**Student:** 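Dropping a structure here in structure tokens format, bear with me for questions.
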Amino acid sequence: MINKEILLNDLTTAFEARVDELRKAVRTSQEMTRDAPGRIESRYDTSREETGWLATGQAALLGEWEHTLQLFRALPRTRQNMIQTGAYFEATSLTGPGRLKCFVCYGGSGLEFQTSQGLVTLVSPSSPLVDAALGRSVNDMFTVNGRADYLVREVA
């Protein structure tokens, strides 16, 4: 049985590390844009503009991740009995091999984190997977996009 408090602490710590890495990348991209030589090698050289676009995109992502990190810190550490935002769930595929270990949250969707409780994937409440699983409890089944059937093994 998963310990939700430990899981959330692990996820928060791991996510903080990713946010710090992204913060450094944003700074580097911004410095490269600002400090790049003004001389253009050819009229087709767009490296300075491209680095600026990269820095802008990274900064936007950083804002989203920092907000997600605040949400992680505010989530209740108590177990939940059904799949909803802030819940961890495990489900086994009934139509093929595979086991899902997901944490439902806004932001960071698709990111995977190695925790003391195992590898966990962040999924958005608006994803087809969570849309199909919302409100389900242990031993409930759900179907994703009419193709994949899952059995809920644990909810925390």
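A quick note: this is a predicted structure, and the numbers were derived from the prediction, not measured. Position 1 is the first residue of the sequence, and the numbers go up from there.
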**Student:** Is there any salt bridge (charged side-chain N to carboxylate O under 4.0 Å, His left out) pair reaching into residues 125-140, and which pairs are they, with sequence neighbours excluded?
**Tutor:**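 Those involving residues 125-140 do not exist here.
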**Student:** Decide yes or no on side chain to side chain contact (heavy atoms under 4.5 Å, CB included) for L134 and F142, but give the supporting numbers first.
**Tutor:** CA-CA 9 Å; L134 276 177; F142 64 93; over 6 Å; no
**Student:** Give me each pair satisfying ring-ring contact (aromatic ring centres under 6.0 Å, His included) with a member in residues 105-140, each pair once, sequence neighbours excluded.
**Tutor:**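 Every pair satisfying ring-ring contact (aromatic ring centres under 6.0 Å, His included) with a residue in residues 105-140: F15-F113.
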**Student:** Any side-chain heavy-atom pair from T115 and L11 closer than 4.5 angstrom?
**Tutor:**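 A side-chain contact exists here, since the closest heavy-atom pair is under 4.5 Å.
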**Student:** Test side chain to side chain contact (heavy atoms under 4.5 Å, CB included) on Q117 and K101; report intermediate values, then the result.
**Tutor:** CA-CA 10 Å; Q117 311 283 307; K101 292 183 175 190; over 6 Å; no
**Student:** I'd like to check C102 versus L129 (side-chain heavy atoms, cut-off strictly below 4.5 Å). Are they in contact?
**Tutor:** yes
**Student:** At what distance, to the nearest 0.5 angstrom, does CZ of R77 lie from CD1 of I6?
**Tutor:** 11.5 Å
**Student:** Run the ring-ring contact (aromatic ring centres under 6.0 Å, His included) test against F103 and tell me which residues pass, sequence neighbours left out.
**Tutor:** F72
**Student:** What do the steps show when you test N81 against V155 for side chain to side chain contact (heavy atoms under 4.5 Å, CB included), and what is the final call?
**Tutor:** CA-CA 6 Å; N81 59 2; V155 178; 6.0 Å; no
**Student:** Kindly write out the residues that satisfy side chain to side chain contact (heavy atoms under 4.5 Å, CB included) with S126, not counting sequence neighbours, or none if the list is empty.
**Tutor:** S124
**Student:** Could you list all the side-chain hydrogen bond (donor to acceptor under 3.5 Å, both in side chains) pairs where at least one residue sits in residues 57-72, not counting sequence neighbours?
**Tutor:** R23-E66, S29-Q58
**Student:** So which pairs with a foot in residues 146-156 pass side-chain hydrogen bond (donor to acceptor under 3.5 Å, both in side chains), sequence neighbours left out?
**Tutor:**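 Every side-chain hydrogen bond (donor to acceptor under 3.5 Å, both in side chains) pair that includes a residue of residues 146-156, provided the two are not neighbours, is R79-E154, T92-R153, T143-D149.
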